[in-house]
Engineer: 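First the structure, which I've put down as structure tokens, then a few questions once you've had a look.
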Amino acid sequence: YTARHIITTMVMDSSPDACSQTKMKMETDGWYIDAAFALDCDLGASYRPPQTHGGGGGCRDRYETKQIGTAKKGYPVYEKMTMFGPDGRESFSTITEVVEFSQATLDPSLFDVPEGYREVQDFASLYGAPAGMPSAADIAAATSGANTANIPSSNPSNSSPTKPTEALPAKKAGMIRIGVVTVKADKTAEGMNAANLATAVQATLQEKLKAPNVEAIPIQATVLNQIEAEARQKECDYLVYTTVSHKKGGGGFGSVFGSTAAQVAAATVPYGGSTTAAVATNTAASVVVADIKAKDELTVDVRLEKPGAGYPAFTKQYKGKAKSAGEDIVTPPTTQAAQGVIEAATKQ
């Protein structure tokens with residue numbers, strides 16, 4: 001294949017009288033080939049800004065777009081996407097690279113339904129969220145910053161707790177099994193969707209709670225005695241309770257940047273990554289990134305305890321603060337929390 005080297009730059013800037021002050025720059029440095037298998041759903045599509053956006057009082061911004069150049073992209077064999085903050089400094093970057101390439105005919109058995117397969121209807125269900133957590137449709141229907149108490153529940157509150165949908169294998173000798181209780185979003189500032197935030201932390205925590213002798217499994221119950229009963233049934237050595245809160249820091253630029261950052265972050269997650277969970281985790285965090293502004297603060301509180309003990313074996317608080325809009329302040333503190341939990345569990 002002949003690869004084309006294309007550097008694409010997108011700049012967004014607002015006029016002094018704009019309702020929402022926006023300033024951002026995104027650069028994608030990539031190599032592209034023409035390939036019949038390419039999943040280029042957005043190839044040839046020009047950027048379309050939101051219809052309206054602005055501050056209070058009925059103010060609405062008008063968007064003008066200008067495209068320079070007609071470079072043809074294609075299937076990316078290497079792409080580095082870099083975001084720059086309003087001060088011109090690099091905010092974050094991601095790299096997608098093809099590390100293996102083959103045109104051999106695939107073994108039909110690869111497409112057989114795998115053992116232990118279960119169908120899920122939304123992202124929350126993928127991570128074993130309990131009945132009552134909003135579905136993907138519920139979250140999508142809720143406007144950003146809406147009070148999550150108004151989001152309809154997937155199940156009535158008086159429904160019986162959902163039983164585990166999949167049988168767990170017996171715990172291996174020497175393995176420490178940690179039950180991950182549904183994450184709670186305690187306090188969130190205006191503009192942050194609490195359900196999205198809790199789901200992102202839940203996905204990240206469960207993905208990071210891994211070690212040679214440590215495994216994490218979801219706990220679906222939400223009532224204390226049922227949580228502990230489920231933990232005993234699943235042979236959990238520990239339970240981890242997590243609460244996340246978000247504090248608005250002010251400053252930064254508007255949600256147009258955040259939305260773009262989230263879309264790009266989700267789009268640049270490589271197909272066929274190391275694990276499906278890792279890809280889903282990145283996507284979950286990128287949704288929350290859309291609502292992060294400069295100086296926003298995130299706090300992740302974790303409490304580790306043995307089922308029925310009634311007292312914590314480990315408790316600690318981890319924090320993250322955004323230097324610029326669109327910064328991922330979910331993954332770092334949640335990863336630190338997971339590491340702290342693993343260290344505490346293996347030292348007991």
Side-chain angles (χ1 to χ4, degrees), residues 8-28 42 45-69 81-93 134 137-151 185 187-197 200 245-268 283-298 320-330:
T8 306
T9 303
M10 186 172 86
V11 177
M12 302 180 71
D13 205 354
S14 57
S15 59
D17 59 342
C19 309
S20 177
Q21 293 298 312
T22 302
K23 185 177 179 64
M24 64 81 73
K25 178 183 176 182
M26 178 185 71
E27 181 180 278
T28 303
D42 60 344
S46 58
Y47 171 72
R48 291 183 298 175
Q51 295 297 317
T52 59
H53 181 76
C59 183
R60 290 291 181 269
D61 284 330
R62 175 174 55 88
Y63 289 86
E64 295 180 355
T65 63
K66 181 179 182 181
Q67 182 170 324
I68 302 173
M81 186 277 291
T82 306
M83 282 286 191
F84 299 89
D87 57 0
R89 292 188 295 181
E90 182 178 323
S91 173
F92 69 89
S93 65
D138 296 333
I139 294 174
T143 57
S144 179
N147 185 339
T148 54
N150 295 328
I151 300 176
K187 297 177 182 178
T188 55
E190 181 182 359
M192 175 60 68
N193 186 297
N196 287 351
L197 180 60
S245 59
H246 165 257
K247 180 180 179 182
K248 186 176 181 180
F253 34 91
S255 61
V256 173
F257 169 84
S259 299
T260 303
Q263 292 163 6
V264 171
T268 53
T283 305
S286 71
V287 172
V288 176
V289 165
D291 297 325
I292 297 296
K293 296 183 179 180
K295 298 182 182 180
D296 276 13
E297 296 180 9
L298 194 77
K321 185 173 182 179
K323 296 180 180 179
S324 59
E327 181 179 349
D328 180 5
I329 58 173
V330 175

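Only heavy atoms go into these numbers, but all of them, side chains included; no hydrogens, no water, no symmetry mates. Sequential numbering from 1 along the given sequence is applied to the chain's residues.
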Engineer: Could you pull out the closest heavy-atom pair between Lys323 and Ala294, with the gap in Å?
Structural biologist: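 Shortest heavy-atom contact: O-CB, 4.0 Å.
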Engineer: If you compare all heavy atoms of Asp296 against all heavy atoms of Ile329, which two are closest, and at what distance to 0.1 Å?
Structural biologist: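 Heavy-atom minimum between the residues: O-CD1, 3.7 Å.
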Engineer: Hey, does Ile292 have a side-chain heavy atom less than 4.5 Å from the side chain of Met192?
Structural biologist: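 A side-chain contact exists here, since the closest heavy-atom pair is under 4.5 Å.
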Engineer: How would you list, by chain and number, every residue that makes a side chain to side chain contact (heavy atoms under 4.5 Å, CB included) with Lys321, sequence neighbours excluded?
Structural biologist: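 If we apply the side chain to side chain contact (heavy atoms under 4.5 Å, CB included) test to Lys321, skipping adjacent residues, the hits are Lys295, Glu297.
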Engineer: Evaluate the side-chain proximity of Lys187 to Lys247: yes if any heavy-atom separation is below 4.5 Å, no if none is.
Structural biologist: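 A side-chain contact under 4.5 Å is absent here.
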Engineer: Would you call Met26 and Thr9 a side-chain contact if the rule is heavy atoms closer than 4.5 Å?
Structural biologist: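 Side-chain contact under 4.5 Å: no.
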Engineer: Enter the distance from Thr8:OG1 to Gln67:CD here, rounded to the nearest 0.5 Å.
Structural biologist: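 Result: 9.0 Å between the selected atoms.
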Engineer: With sequence neighbours excluded, tell me which residues meet side chain to side chain contact (heavy atoms under 4.5 Å, CB included) with Ser93.
Structural biologist: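 Partners of Ser93 under the side chain to side chain contact (heavy atoms under 4.5 Å, CB included) test: Lys80, Thr82, Glu90.
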Engineer: At what distance, to the nearest 0.5 angstrom, does CE of Met83 lie from CE of Met10?
Structural biologist: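 That separation rounds to 6.5 Å.
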